[in-house]
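Read the structure below first, then the notes.
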Amino acid sequence: MELHITCIPGDGIGPEIVTEAKKVLDKVAEKYGHNMIYTDILMGGASIDVHGVPLTDEAIETAKAADAVLMGSIGGNTTTSPWYQLPPNLRPEAGLLKIRKALNLFANLRPAVLYDELAAACPLKEEISKAGFDMMIMRELTGGLYFGERKTIEENGVRKAIDTLTYDENEIRRIAIKGFDIAMKRKKKVTSVDKANVLDSSRLWRKVVEEVAKDYPEVTLEHMLVDNCAMQLVKDPSQFDVILTENMFGDILSDEASMVTGSIGMLASASLNDTRFGLYEPSHGSAPDIAGKNIANPIATILSAAMMLRYTFDLDQEAAAVEAAVEAVLKEGYRTIDIMSEGCEQVSCSVMGDLLAEKIR
Ligand code: IPM
Ligand code: MG
């Protein structure tokens, strides 16, 4: 099979981790008889430096022509990098928002899993973490506060900023359907998270989610207010299967959920549209402080590549081979510095990539 993949190395540790992901994908191609065809595009600071904008229209066209996009990370240090002296619509993050919108990537899947081998890194008390957890945050990605009208004005000498939170029922329905579909393949539970005690957009969210739920009688649906959900994630994360929520809440809760695993360097993500196309990226950021040092953890990006094999290319066996390689290497005690613990062997980003590629069966 020919796999046309657009790569976005991006900024910070992005180029290093994408290199390792390609290493593993190339090994998959060799073992399973596929052909990986990569095309790189610039996005974020890397694009600003060359083109003056965080994402060009040509780059979007290149991405659209591929089957999937594999991304590292974008952005720099927000207090010291000159990229953040630019107007907001020209900063690195604007490139990411632009590609999400241009490719209609409305469904963001962020798994948060407690790995047995890394349980010691979980910051929760053992009495809580021993129950384990494995949840999927389904975040709406192209609506809400991120894409509503915004402006900053001055009224009678007083500066005023306005952001608007809008959702129509179609936007809610399509992400809810994805959420229930995913729940059907998991533990069949959806926790829909909103702020329906305050926001109209949340009250509509709840209604539409309930309508969609009627088509999934096997799935248990519960509603939870976002503040309570933030609390429950540290109190008893084992209660969650699929968390279905809007853009801004999902941004915040997915960071919290990943922190609770103790190993954000391990967490993958996928952003999908209505077709098989997807953009795959680690859940973590560009970590500019450790860029270029060959110490970043490439596993989140490699597991994102596994999600790509599964969701875009339907290559379940190949995806499982990548996941099994990760498990095997962790079992053997190899760790990058972020997940290092006593008795293990610390390895660099590129050595971790080598070890994982070797383990592809
Ligand atoms: C994320 C990031 C982005 C977001 C930023 C970089 C714009 O935090 O993917 O979660 O807020 O969506
Ligand atoms: Mg975020």
Side-chain angles (χ1 to χ4, degrees), residues 8-14 17-18 42-48 53-55 60 63 69-81 83-84 86-112 135-148 150 163-167 171 175 193 226 229-230 233 243-261 263-273 278-289 291 296 300-301 303-304 307-308:
I8 305 179
D11 308 319
I13 57 172
I17 54 186
V18 168
L42 296 175
M43 192 168 98
S47 174
I48 296 173
V53 291
L55 183 69
I60 292 180
V69 176
L70 181 65
M71 183 184 142
S73 51
I74 52 117
N77 183 311
T78 51
T79 47
T80 57
S81 164
W83 298 329
Y84 296 91
L86 296 165
N89 63 330
L90 291 179
R91 292 180 195 169
E93 287 72 10
L96 182 56
L97 298 184
K98 188 172 169 186
I99 201 167
R100 285 176 182 167
K101 198 69 175 179
L103 302 176
N104 196 25
L105 304 171
F106 64 86
N108 182 219
L109 284 66
R110 295 187 172 180
M135 68 186 104
M136 179 70 87
I137 312 235
M138 288 287 303
R139 168 188 177 195
E140 200 291 326
L141 203 59
T142 52
L145 272 173
Y146 276 63
F147 293 94
R150 69 177 96 256
D163 294 286
T164 43
L165 202 183
T166 315
Y167 271 107
E171 290 174 298
I175 183 76
V193 174
V226 61
C229 182
L233 276 172
I243 292 182
L244 171 65
T245 193
E246 63 92 52
N247 204 345
M248 180 78 159
F249 298 157
D251 179 44
I252 298 167
L253 294 175
S254 62
D255 263 29
E256 187 189 358
S258 64
M259 188 61 223
V260 162
T261 68
S263 41
I264 181 159
M266 303 282 301
L267 300 178
S269 91
S271 303
L272 309 174
N273 63 19
L279 181 147
Y280 301 85
E281 57 169 321
S283 277
H284 60 72
S286 59
D289 51 320
T301 315
L303 289 173
S304 302
M307 284 180 100
M308 174 180 82

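Remember, it's 1-based here, ligands and their atoms both numbered in the order they're listed. Side chains included, hydrogens not; waters and symmetry mates left out as well; all remaining heavy atoms used.
- Of the possible polar contacts, one joining the N108 side chain to the A270 backbone as a donor-acceptor pair under 3.5 Å is found.
- Checking each of R100, E140, E171 against F106 for a side chain to side chain contact (heavy atoms under 4.5 Å, CB included) leaves exactly one that passes, namely E140.
- In this structure, L272 and Y280 have side chains that are in contact, with non-hydrogen atoms separated by less than 4.5 Å.
- Distance check, rounded to the nearest 0.5 Å: CD1 of I252 to CG of N247 gives 10.0 Å.
- Going from atom CD1 of I99 over to atom CD1 of I74 covers 10.0 Å, rounded to the nearest 0.5 Å.
- Excluding waters, the set of protein N, O or S atoms lying under 2.8 Å from the Mg ion (ligand 2) comprises D251 OD1.
- Between T245 and V226, every side-chain heavy-atom pair lies at or beyond the 4.5 Å cut-off.
- Judged purely by distance below 3.5 Å, without hydrogens or angles, the side chains of Y146 and E246 never pair a donor atom with an acceptor atom.
- Near ligand 1, E93, R100, R110, R139, Y146, D251 each place a heavy atom less than 4.0 angstrom from the ligand.
- Summarising the geometry, atom CG belonging to L109 is positioned 4.5 Å from atom CE belonging to M136; distances are rounded to the nearest 0.5 Å.
- Within the 4.5 Å cutoff, the side chain of I17 has heavy atoms near those of the H284 side chain.
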